[in-house]
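All remarks here apply to the structure that follows.
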Amino acid sequence: MTVIDAPGTDRYPTRVADRPSLVERTDPTVWGGHHTPGPLSPDDLSAHDRDGFVTVPELLTPAEVAAYSAELDRLATDPQVRADDRTIVEKTSREVRSIFEVHKISDAVAALVADERVAGRARQILGSDVYVHQTRINYKPGFGGGGFYWHSDFETWHAEDGMPTPRAVSISIALTENYPHNGCLMIMPGSHRTFVACVGETPADHYKESLREQEIGTPDQESLTALADRHGIAMLTGPAGSATLFDSNCMHGSGSNITPYPRSNIFAVFNSVENTLQEPFAAPAPRPTYIAAREFTPIPD
Ligand code: 6CS
Ligand code: FE
């Protein structure tokens, strides 16, 4: 059942109270039912509903992996890209950590994001037309690629971008082998059904810090322990070319990478056209559009 809220209704208040709380999700995970036609099978859709994520063992062909890997190398070594505000460098090594809005910098990534194998899966899960909320490359280079502490993406997108409900889904596409030891994505299966309200006001221009290392908007240890005890922790490993779709409210994170082997993934975030951004629910101002798009044109079906 899809709840229709008056604009500004906040069913997921966060960063407003002086203590954390666990809020049970009042929204679906798979919005169009488990038999919506598309690349995901009914079993895939029920797995996504249950766990908050679903894996695609072979999304890209080896030739496509090689082509996108070459594109990632080109972008990371382009001085113009490196100097761009959309590029985030690692705190210590100064290597490229992430490139945001990469679908507007690279035609190859733009085509991948709009590909039926990618956007089609998002439409199935969200039960509507979709638009791109955010894209990024996370390079996580060898010998020092920084991790991403536990967090819910939706908590940030709700508080800082004004996303009303968790009717958004990310896809992480591996372009290098994602091993347990080189900082693969970790998700608590089922945690998407609980919203962890965080403590701490959002500072102005928070993204300038949070994209390098997030503190405000990260859950307290008691809530994380409760979720980990309840759901466990899955490590999303897989070969180059594999992918994981995960719900916007999954509790997830990834460790730092001290191995010689980079963990480079392309991420795309799809939001339902029924869930477009309002004013931030808990931040002084909206984040830049290269992090949270405010152009809601659906990806052509
Ligand atoms: O704040 C954001 O939008 C980004 N931060 C993290 C840690 N994950 C989602 C997204 O890339
Ligand atoms: Fe995240």
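Each ligand, and each atom within it, is numbered from 1 in the order the structure gives. The model shown is predicted, which means the values in this text are computed figures rather than measured ones.
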- Message: Tell me whether ligand 1 is touched by N138 - counting only heavy atoms on the residue side and a distance under 4.0 Å.
- Response: no
- Message: Return all protein N, O or S atoms below 2.8 Å from the Fe ion (ligand 2), chain by chain in residue order.
- Response: H151 NE2, D153 OD1, H252 NE2
- Task: Please report the shortest heavy-atom distance between V89 and R212, naming the atom on each side.
- Result: O-NH1, 2.8 Å
- Task: Starting from atom 6 (C) of ligand 1, locate the nearest protein heavy atom and write down its residue, its atom name and how far away it is, to 0.1 Å.
- Result: H151 NE2, 3.6 Å
- Who's closest to atom 1 (O) of ligand 1 heavy-atom-wise, of H252, R287, E160, Q214? R287
- Item | Nearest heavy atoms of T156 and Q214, plus distance in Å | OG1-NE2, 3.1 Å
- Query: Is there a heavy atom in W157 that sits closer than 4.0 Å to ligand 1?
  - Reply: yes
- Item | Distance-only polar pair, side chains of S106 and E71, donor-acceptor under 3.5 Å | yes
- Task: Examine the side chains of R136 and Q134 and answer whether a donor and an acceptor come within less than 3.5 Å of each other.
- Result: yes
- Task: Report the nearest protein non-hydrogen atom to atom 5 (N) of ligand 1: residue, atom name, distance rounded to 0.1 Å.
- Result: L211 CD2, 4.2 Å
- Item | Side-chain donor-acceptor contact under 3.5 Å, H48 with D247 | no
- For N182 and T259, does a side-chain donor sit closer than 3.5 Å to a side-chain acceptor? no
- Item | Under-4.0 Å heavy-atom contact with ligand 1, by part of V269 that carries it | neither
- Starting from atom 9 (C) of ligand 1, find the nearest protein heavy-atom neighbour and note its residue, name and distance. D153 OD1, 3.0 Å
- Task: Quick one: closest heavy-atom pair of W31 and L126, and the distance?
- Result: CB-O, 3.2 Å
- Query: Think R25 forms a cation-pi with F195, using NZ or CZ under 6.0 Å from the six-ring centre and within 45 degrees of its axis?
  - Reply: no
- Just jot down the ligand 1 atoms closer than 4.0 angstrom to any heavy atom of T156, in number order. 1 (O)
- Answer yes or no: is there an ion pair linking E90 with R97, defined by an N-O contact shorter than 4.0 Å? yes
- Query: Which residue and non-hydrogen atom of the protein lie closest to atom 10 (C) of ligand 1, and at what distance in Å?
  - Reply: Q134 OE1, 3.3 Å
- Query: Using the ring of each side chain (for Trp, its six-membered ring), is H158 parallel, tilted or perpendicular to F154, with breaks at 30° and 60°?
  - Reply: tilted
